[in-house]
A.B. asks: 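Have a look at this one before I ask anything.
Predicted model, so just to flag it, every value in this text is computed and none were measured. Whatever order the structure lists ligands and atoms in, that order sets their numbers, starting from 1.
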Amino acid sequence: MLREAKDLKVISRRKPNDPERRVDQYRIVFERYPHPAWVLDRATLRFLAVNDAAVSKYLYSRDEFLRMSYLDIHLPEDASTVQRSLINGQPNSPGIGLWRHKKKSGDLFDVEAAWIPVPFDRVPAILLTADSTHRSLRRLLQETESGRERLEALSRRLVDIQETERSEIARELHDEVGQLLTGLKLMLSADEREPQPGLAGSRREQMLQIVNELMDRTRNISMDLRPPMLDQLGLLSALVWHFERFTEQTRIRVSFSHVGADSRFPRPVETAAFRLIQEALTNAARYAGAEVVEVEVQADSKFLKLRVEDRGSGFDQEAARAGRSAGLTGMEERAHLLGGHLTIESSPALGTRLLAELPLRSTAPGVIP
Ligand SMILES: Nc1ncnc2c1ncn2[C@@H]1O[C@H](COP(=O)(O)OP(=O)(O)OP(=O)(O)O)[C@@H](O)[C@H]1O
Ligand SMILES: [Mg+2]
């Protein structure tokens, strides 16, 4: 109180337009500001000035503060984030951080720190204030941030998947369809240059064979992209067709049971269910080493439930997710996007069991095609 009265007297003796007087007034505003506030050296984050609210809240004396750096009122594990935001952030822009501060007593509390660059004694500095904040706000921000990261990861994966699919289709068109068409063209042009009536029958035969093969390959490519029966006849028919083809290609038997699955479901649910089972079967064939895979589909008025189970080698989920593969996370995303969920249980003793529950009345934000 005494010091403030003296300060005011010094100021009142100065002329109204005296720049010194304005500086003094600003200092009083800073010092009387009801929330903790500091001026920090921008390069080192050492405290250059401290207000009364900071001294009474943090329990350090003014002198102690002036021997410390802003990082000293943070936990060591938060220091690099704080340092990055303040030193490497936009040098001339204000900023906000939701951080934890530490009092001299060691007590921790959540704060919303807001700062703005200022010159101070010709040193590039930062004026920073801290308001206590509620845990819920901090959590909300963290959730928003992790939601944003999840969306970014998802869209990166979608682009990856799209590119992989495109290059697979391009390779198949080039290697399979392109080769056969070239063969056919060569035969036709050889015939045109030197007609050999004696060979006409057998060449026709060969050419017909090539045309048949071309039709097969083209059908396969189109089926792999999206089996038309999924749209025309529904999930059950598409699955039965897929299981037959799967067993033909892999020699692995599919033991299929279903309840209530012979009606039609919303298109996004049918697509997700088909793709989930398709990926689970591909994984079983590639890695499980099992002879049989069980697939069960159950539908009631609310959910479509899927189970795909093999008694194969099983796997360590943490290690599998650490890799760059997209199958497991893609299945999870498909279920989440429909408002459903997916669980995977796997162990060397039991093999792998995948359970998915997809709601039939959608509350979903979207769907992967
Ligand atoms: N049924 C299973 N049995 C044994 N191991 C499995 C099974 N399913 C998945 N895995 C393991 O989990 C890993 C991750 O599977 P995921 O489907 O995510 O990727 P991927 O099949 O390797 O590649 P992608 O699906 O992206 O082509 C696999 O590499 C495999 O080691
Ligand atoms: Mg896979």
Side-chain angles (χ1 to χ4, degrees), residues 149-173 175-176 220-221 223-227 230 235 238-239 242-258 270-298 305-338 340-358 367-369:
E149 280 169 9
R150 237 168 81 103
L151 269 179
E152 270 179 20
L154 176 63
S155 59
R156 265 198 306 276
R157 209 159 43 242
L158 280 175
V159 172
D160 268 4
I161 291 170
Q162 197 181 41
E163 281 311 309
T164 313
E165 271 185 1
R166 281 186 183 180
S167 51
E168 271 168 19
I169 299 165
R171 199 184 55 234
E172 268 175 41
L173 284 176
D175 294 356
E176 312 251 335
N220 275 340
I221 293 173
M223 288 289 200
D224 282 342
L225 285 174
R226 187 176 173 90
L230 189 54
L235 179 64
L239 284 176
H242 183 68
F243 297 154
E244 277 169 15
R245 197 161 169 247
F246 175 79
T247 302
E248 218 171 83
Q249 287 169 353
T250 63
R251 305 275 132 226
I252 297 172
R253 204 160 58 75
V254 178
S255 154
F256 181 42
S257 56
H258 56 91
E270 289 189 334
T271 305
F274 184 81
R275 296 295 183 206
L276 277 168
I277 293 174
Q278 191 180 34
E279 172 64 19
L281 285 179
T282 306
N283 277 352
R286 271 181 176 171
Y287 312 113
E291 287 173 8
V292 183
V293 183
E294 281 175 38
V295 178
E296 189 182 330
V297 178
Q298 277 185 40
K305 294 177 189 161
L306 315 173
R307 178 175 65 88
V308 183
E309 190 163 344
D310 66 64
R311 306 271 148 81
S313 60
F315 66 103
D316 173 2
Q317 294 197 48
E318 212 171 305
R321 280 163 211 278
R324 264 194 54 82
S325 46
L328 299 178
T329 37
M331 289 195 275
E332 271 161 5
E333 290 295 351
R334 279 189 191 278
H336 285 156
L337 282 169
L338 289 172
H341 61 264
L342 176 103
T343 48
I344 299 172
E345 298 158 16
S346 191
S347 74
L350 298 173
T352 301
R353 181 192 293 149
L354 184 141
L355 298 166
E357 207 169 73
L358 309 176
V367 66
I368 305 177

A.B. asks: Mind checking whether Phe256 and Phe243 have ring centres under 6.0 Å apart?
C.D. replies: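 Yes, ring centres under 6.0 Å apart.
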A.B. asks: Within the side chain of Ser313, is there an N or O that forms a donor-acceptor pair under 3.5 Å with the backbone of Tyr287?
C.D. replies: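 At least one qualifying donor-acceptor pair exists.
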A.B. asks: Using a 4.0 Å cut-off to any heavy atom of Asp310, which atoms of ligand 1 qualify?
C.D. replies: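 Listed by number with element: 1 (N).
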A.B. asks: Heavy atoms only, cut-off 4.0 Å: how does Ser313 contact ligand 1, side chain, backbone, both, or neither?
C.D. replies: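 Side chain only.
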A.B. asks: CD of Glu291: more than 12 outside heavy atoms within 6.0 angstrom?
C.D. replies: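 Not more than 12 within 6.0 Å, no.
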A.B. asks: Considering Arg286, Glu279, Glu309, which one's heavy-atom position lies nearest to atom 27 (O) of ligand 1?
C.D. replies: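 Looking at heavy atoms only, the winner is Arg286.
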A.B. asks: Could you tell me, atom by atom, which parts of ligand 1 come under 4.0 Å of a heavy atom of Ala288?
C.D. replies: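 Numbered from 1, ligand 1 contributes 3 (N).
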A.B. asks: Could you tell me which non-hydrogen atom of Glu270 sits nearest to which non-hydrogen atom of Leu230, and how far apart they are?
C.D. replies: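 Minimum heavy-atom separation between Glu270 and Leu230: OE1-O, 3.6 Å.
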A.B. asks: Locate the shortest heavy-atom distance separating Ile252 from Ala285; write the atom from each residue and the value.
C.D. replies: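 Reported closest heavy-atom pair: CD1-CA, 3.6 Å.
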A.B. asks: Checking contacts here: is it the side chain or the backbone of Leu328 that comes within 4.0 Å of ligand 1, counting heavy atoms only? Could be both or neither.
C.D. replies: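 Both backbone and side chain.
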A.B. asks: Taking the Mg ion (ligand 2) as the vertex, what is the angle from OE2 of Glu279 to OD1 of Asn283, given to 10 degrees?
C.D. replies: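 Once rounded, the angle between the two atoms at the Mg ion (ligand 2) is 100°.
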A.B. asks: Using 4.0 Å as the upper bound for N to carboxylate O, is an ion pair formed by Glu294 and Arg353?
C.D. replies: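 Not counted as a salt bridge, because no side-chain N and carboxylate O are separated by less than 4.0 Å.
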A.B. asks: List ligand 1 atoms under 4.0 Å from Ala320, heavy atoms only on the residue side.
C.D. replies: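 Those of ligand 1 that fall under 4.0 Å from Ala320 are 12 (O), 13 (C), 14 (C).
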